[in-house]
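We count ligands from 1, going down the list as the structure has it; atoms in each ligand are counted the same way.
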Amino acid sequence: MAHSKALLVLENFIGGKFVPCSSYIDSYNPSTGDVYCRVPDSGKEEVQAAVKAAKDAFPTWSSKSPLERSQILNKLADLIEYDLEAFAQAESKDQGKTITFARTVDIPRAVYNFRFFASSILHCMTECTEMATVGCMHYTLRAPVGVAGLISPWNLPLYLLTWKIAPAIAYGNTVVAKPSEMTSVTAWMMCKLLEKAGVPHGVVNVVFGTGAKAGEALVCHPDVPLISFTGSTLTAQRITEKSAPHCKRLSLELGGKNPAIIFDDADLSQCIPTTLRSSFANQGEICLCTSRIFVQRGIYSEFLKRFVSEAKKWNTGNPSDPTVDMGALISKEHLEKVRGYVKKAQAEGARVLCGEGVDSLALPTGNQKGYFMLPTVIAEVKDESCCMQEEIFGPVTCVVAFDTEEEVIERANSVKYGLAATVWSSNVGRVHRVARRLQSGLVWTNCWLIRDLNLPFGGMKASGIGREGAKDSYEFFTEVKTITIKH
Ligand code: NAD
């Protein structure tokens, strides 16, 4: 396909240098439908070069003091923050998310990921025990593992990639990262800042390309003992299979089908705006987004009326317009998949109360070919419907009624996923009871998406294996050794 010179062309970042690739893939601007960028289509050869650079850099980097590494991470955070607006513009254009979301969530969090782990590594402790009766003392040592393979998805591109890079290098590993082929631009921009931040050549290598070629080459590389992956459950199954012969250490952050449980004593003035955000923020393309809303029967009609009326006020359109609430979905294929779920729900007899197929979407002239859809609310969906069981990962949420606490816990748990849940009630005892029994790695009560990075993040069941966070990332990205001294 012929391309004009105006296209942005990315290069791999290996051993501290930008390296062109022999073939490229097109990357689209989701809000216009135009190809605007070309991404290296890397394979085994490029991954091999990146792993070698990371391996060569490991002895020096891993022997630096935590303070030296901390200073470099802080400097990198400062440099990204200094360019925050350029990063936010790039993320919005590449992913379709609103500029407001990129400015207030994605890029600030990427900065904070580096600052957080820059601080966290200064406070690491190991264990020591004594067995006085046999004259022994035991203690543990933790050492970085080696070359970490980091694979991230398209929904929160720099946010999720730096959530892996920051702890990996903070604890002394070197990395080969592979961002999603659909959203590679901000990772490439970050590479331009590494040298200035003082990150030695080879400590962070970024190889761009598809999962099937570049991702799989990384997963199968014998010199990469650890893979941190965020993405779909299906891909995680493949990664698990491919890495099994090498017995790799895996951290898997996967999909969700997250319930919101709203009891009749909930404060709806807080619950409705937050549940709108938890359903539709970032076009519903956050693994933590709510997609099943269980409302206690006494307030069901009132909730539905107010929720739908507020959803209709969401302004969908050009993501670079700061007044817009919802931008474009990531790709044409993904938009069709999400729309397909709404059609299936209708065919099963559910009622679409607003959004797709019900309301009309007026788009600016330049965005007519973009991948947009309106916030969509579906009611009267059966629990066994695919819309209540499968991850849709778009701006679609299902609302159903329930009667008792016991019933709603069982229904909320009746999916294969277990990532996040929200519980809305002013009864403290109930909130604790329900939170304890939900099969979910994260439970937010009377709020959503408030995170303390010190604490574990991750899902149960098909939503993942392992946790990341201060202590958990420390354990994942280091190898522990127990030493016994007899005196
Ligand atoms: P995906 O699984 O298709 O891709 C994720 C990454 O894996 C991409 O970089 C992709 O190129 C790569 N990949 C694909 N096939 C591969 C293979 N065979 N070997 C190695 N790498 C491969 O996921 P996606 O569509 O990019 O992202 C959406 C999914 O991510 C959703 O399911 C969402 O819930 C999940 N997600 C989870 C979290 C979390 O923290 N739990 C956060 C964000 C997104």
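- The heavy atom nearest to atom 13 (N) of ligand 1, out of those in Gly231, Gly255, Pro179, Gly211, is found in Gly211.
- Only the backbone of Leu254 comes within 4.0 Å of ligand 1, counting heavy atoms alone; no side-chain atom from C-beta on gets that close.
- Side chains of Glu181 and Ser27: a donor-acceptor N/O pair is absent below 3.5 angstrom, by distance only.
- The aromatic rings of Phe18 and Trp188 stand perpendicular to each other, their planes meeting at an angle above 60°, with 30° marking the opposite boundary.
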Let me check something: any side-chain donor-acceptor pairs from residues 412-421 under 3.5 Å, sequence neighbours excluded? List them with distances.
{"from": "Asn413", "atom 1": "OD1", "to": "Gln439", "atom 2": "N", "distance (Å)": "2.8"}
{"from": "Asn413", "atom 1": "ND2", "to": "Ile409", "atom 2": "O", "distance (Å)": "3.4"}
{"from": "Asn413", "atom 1": "ND2", "to": "Arg437", "atom 2": "O", "distance (Å)": "3.2"}
{"from": "Ser414", "atom 1": "OG", "to": "Arg411", "atom 2": "O", "distance (Å)": "2.8"}

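- Numbered from 1 in the order shown, with element, the atoms of ligand 1 that lie under 4.0 Å from a heavy atom of Phe457 read 40 (O).
- Nearest protein neighbour of atom 27 (O) of ligand 1, counting heavy atoms only, is Pro153 CB, 3.3 Å.
- The residues Lys343 and Glu356 are annotated as not salt-bridged, no charged nitrogen and carboxylate oxygen being separated by less than 4.0 angstrom.
- The protein non-hydrogen atom at the shortest distance from atom 36 (N) of ligand 1 is Cys287 CB, 3.6 Å.
- For Ser31, the side chain to side chain donor-acceptor pair (under 3.5 Å) partners two or more places apart in sequence, or in a different chain, are Asn29.
- For the ligand labelled ligand 1, residue Gly464 lies outside the 4.0 Å heavy-atom shell.
- Checking only distances, Thr230 never comes within under 3.5 Å of ligand 1, N or O to N or O.
- When atom types are taken as modelled, the side chain of Trp154 and the backbone of Asp94 share no donor-acceptor pair closer than 3.5 angstrom.
- Proximity of Glu391 to ligand 1, defined as any heavy-atom pair under 4.0 Å, is confined to the side chain (atoms from C-beta onward).
- For atom 12 (C) of ligand 1, the closest heavy atom belonging to the protein is Ile151 CG2, 3.6 Å.
- Of the heavy atoms in Leu160, only side-chain atoms (C-beta onward) come closer than 4.0 Å to ligand 1.
- In the model, Glu91 has a side-chain atom that pairs as donor or acceptor with a side-chain atom of Thr186 under 3.5 Å.
- Close approach to Trp154 involves these atoms of ligand 1, each under 4.0 Å from a residue heavy atom: 24 (P), 25 (O), 26 (O), 27 (O).
- Closest protein heavy atom to atom 3 (O) of ligand 1: Thr235 OG1, 3.8 Å.
- Counting protein heavy atoms only, atom 6 (C) of ligand 1 is closest to Ser152 O, 3.5 Å.
- Using bins of under 30°, 30° to 60° and over 60° for the plane-to-plane angle, the ring pair Phe117/Trp163 lands in the tilted bin.
- Side-chain contact check for Ser42 and Asn12: at least one donor-acceptor pair (N or O, by modelled atom type) lies under 3.5 Å.
- Glu181 OE1, 2.7 Å is the protein heavy atom nearest to atom 11 (O) of ligand 1.
- With a 4.0 Å heavy-atom cut-off, ligand 1 is reached by no atom of Leu218.
- Close contacts of ligand 1 with Arg238, meaning ligand atoms under 4.0 Å from a residue heavy atom, involve 18 (N).
- Ring planes of Tyr112 and Phe116: tilted class, angle from 30 to 60°.
- Of all protein heavy atoms, the one closest to atom 18 (N) of ligand 1 is Glu216 OE1, 2.9 Å.
- Near Asn155, with a cut-off below 4.0 Å to any heavy atom, the atoms of ligand 1 are 43 (C), 44 (C).
- With respect to atom 23 (O) of ligand 1, the closest heavy atom belonging to the protein is Ser232 N, 3.4 Å.
- Formation of a donor-acceptor pair under 3.5 Å by the Arg109 side chain with backbone atoms of Thr104 is not found in this model.
- Look at Glu479 and Arg249 and you find a salt bridge, because one of the NZ, NE, NH1 or NH2 atoms lies within 4.0 Å of a carboxylate O, short of that distance.
- Counting the atoms of ligand 1 from 1 in the order shown, those under 4.0 Å from a heavy atom of Leu419 are 41 (N).
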